[in-house]
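Below is one structure, written out as structure tokens, with a few remarks after it.
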Amino acid sequence: MVELFRVVRADKGAVLVLPADGLDGEHEPHRVTLDRDGLVGTEDGERLVPTVGDWLLVDETRASLRPRTTALVRDSAGATSRVQALAANIDVVLVVEHLDPDPDLGRIERMLTLAWRSGATPVVVLTKADLVPDPDGMTAEVAAVALAVDVHTVSVPTGQGLDALRALLVPGATLVAVGPSGAGKSTLVNALAGRDVMGTGERRADGRGRHTTTHRELVPLAGGAMLIDTPGIRGVGVVADDDALDTTFADVAALAQACRFADCHHAGEPGCAIRAALDRGELAERRFDSWQRLAREAAYQARRSDARLRAEERDRWKKVTKEYQRGLRGPGRPRP
Ligand SMILES: Nc1nc2c(ncn2[C@@H]2O[C@H](COP(=O)(O)OP(=O)(O)OP(=O)(O)O)[C@@H](O)[C@H]2O)c(=O)[nH]1
Ligand SMILES: [Mg+2]
Ligand SMILES: [Zn+2]
């Protein structure tokens with residue numbers, strides 16, 4: 001008999017899972033121990049580190065992962081790039097940012113790029129509306145950089161904006177909350193779950209949050225939706241993806257298309273549409289810088305990722321050649 005489970009938490013060497021028909025907040029997850037390498041095979045022969053949101057097929061003899069429909073991935077630091085899947089099979093990425101202290105537009109743009117890259121739909125959630133005098137004005141500023149994305153302004157103590165978020169919790173949908181520590185992700189998860197599932201942090205006098213949540217966890221909601229809470233991560237690396245960047249920065253990308261030279265560096269070349277827009281005040285320097293920084297980072301990540309692929313290919317050939325030579329020598333024959 002084959003059974004389908006969902007990974008609600010992934011630790012080193014083991015995952016916590018719930019059966020597909022037990023994702024209602026009423027069941028206790030159980031633990032599945034992984035092989036020594038911590039990997040699980042997929043139906044198409046890949047071996048992956050399981051992550052929260054993965055679907056796991058288990059029969060009497062083995063477990064395998066369903067191919068991921070979407071995945072929120074980040075670049076983990078290191079000389080050769082390794083991509084880490086933060087969450088899989090998600091429909092909506094909630095990009096959570098606080099209004100107090102002031103929202104960081106660059107961070108929102110970075111999170112939106114990650115979100116677009118995942119294949120899921122990004123939604124911006126601005127928290128702590130109760131702490132600022134002009135939440136609407138701040139929302140408008142954020143909406144201006146979150147092109148084609150819904151922006152919701154919420155407050156958990158007053159309940160403002162929560163119904164608009166509840167409308168996203170359709171049965172079977174999976175949402176993941178990302179954003180800085182102290183933004184109020186866990187507070188939001190608890191409010192939407194209607195019970196205290198995740199621990200939340202005390203607000204410090206300087207307004208900065210500590211890292212309260214330390215693991216990623218999928219919380220099944222009573223209505224049939226699933227909400228993944230994540231720890232606030234500093235400086236998540238973007239994974240190279242021109243489409244995601246072009247979507248997040250559709251305005252800048254359109255201007256770049258209009259530059260006279262296809263390889264324009266926007267550094268003073270004649271006919272540069274970006275320079276012209278900056279001079280006319282139609283494009284903010286901050287947004288241009290933010291786009292350039294993420295584009296550079298994505299290109300750097302792509303080079304490191306290529307280097308890793310080449311190294312892996314080299315290792316594979318070394319192994320193949322060794323096996324081939326061993327084959328020539330024949331089994332059991334002594335070395336010359
Ligand atoms: N006034 C006000 N405070 C809020 C709101 N949402 C969250 N907070 C407070 O902000 C602090 C941080 O909230 P958390 O939910 O722990 O933040 P988090 O994003 O989960 O943080 P990490 O787990 O560290 O990533 C807590 O003291 C919350 O009570 C809000 O809408 N209004
Ligand atoms: Mg938290
Ligand atoms: Zn240009």
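We're numbering straight along the sequence, starting at 1. In each ligand, atom 1 is the first atom listed, and ligand 1 is the first ligand listed.
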N/O to N/O below 3.5 Å, does that happen between [X] and ligand 1?
X: Lys128; value: yes
X: Ser181; value: yes
X: Asp229; value: no
X: Gly199; value: no
X: Lys185; value: yes
X: Gly201; value: yes
X: Val154; value: no
X: Leu131; value: no
X: Pro157; value: no
X: Ala129; value: no

Specify side chain, backbone, both or neither for Pro180, according to which of its non-hydrogen atoms lie closer than 4.0 Å to ligand 1.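 The backbone, only.
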Taking 4.0 angstrom as the limit and counting only heavy atoms of Ser155, give me the atoms of ligand 1 inside it, by number and element.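 Within the 4.0 Å cut-off of Ser155, ligand 1 contributes 31 (O).
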With the threshold set at 4.0 Å, does a side-chain nitrogen-carboxylate oxygen contact exist between Asp241 and Arg117?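 So Asp241 pairs with Arg117 through a salt bridge.
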Just say parallel, tilted or perpendicular for the rings of His266 and Trp291, cut-offs at 30° and 60°.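 Rings of His266 and Trp291: tilted, as their planes differ by 30° to 60°.
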Check whether any N, O or S atom of Thr212 sits under 2.8 Å from the Mg ion (ligand 2).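 Checking the Mg ion (ligand 2) against Thr212, no N, O or S atom falls under 2.8 Å.
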Look at Ser186 and state whether any of its N, O or S atoms is less than 2.8 Å from the Mg ion (ligand 2).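 For Ser186, the answer is yes, given that an N, O or S atom comes within less than 2.8 Å of the Mg ion (ligand 2).
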Any chance you could lay out the salt bridge (Lys or Arg N to Asp or Glu O under 4.0 Å) test for Arg107 and Glu97, step after step, and finish with the verdict? CA-CA 9 Å; Arg107 178 162 57 209; Glu97 177 76 20; 2.8 Å; yes
Taking 2.8 Å as the upper limit, name the protein N, O or S atoms near the Zn ion (ligand 3).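 Sorted hits: Cys259 SG, Cys264 SG, His266 ND1, Cys272 SG.
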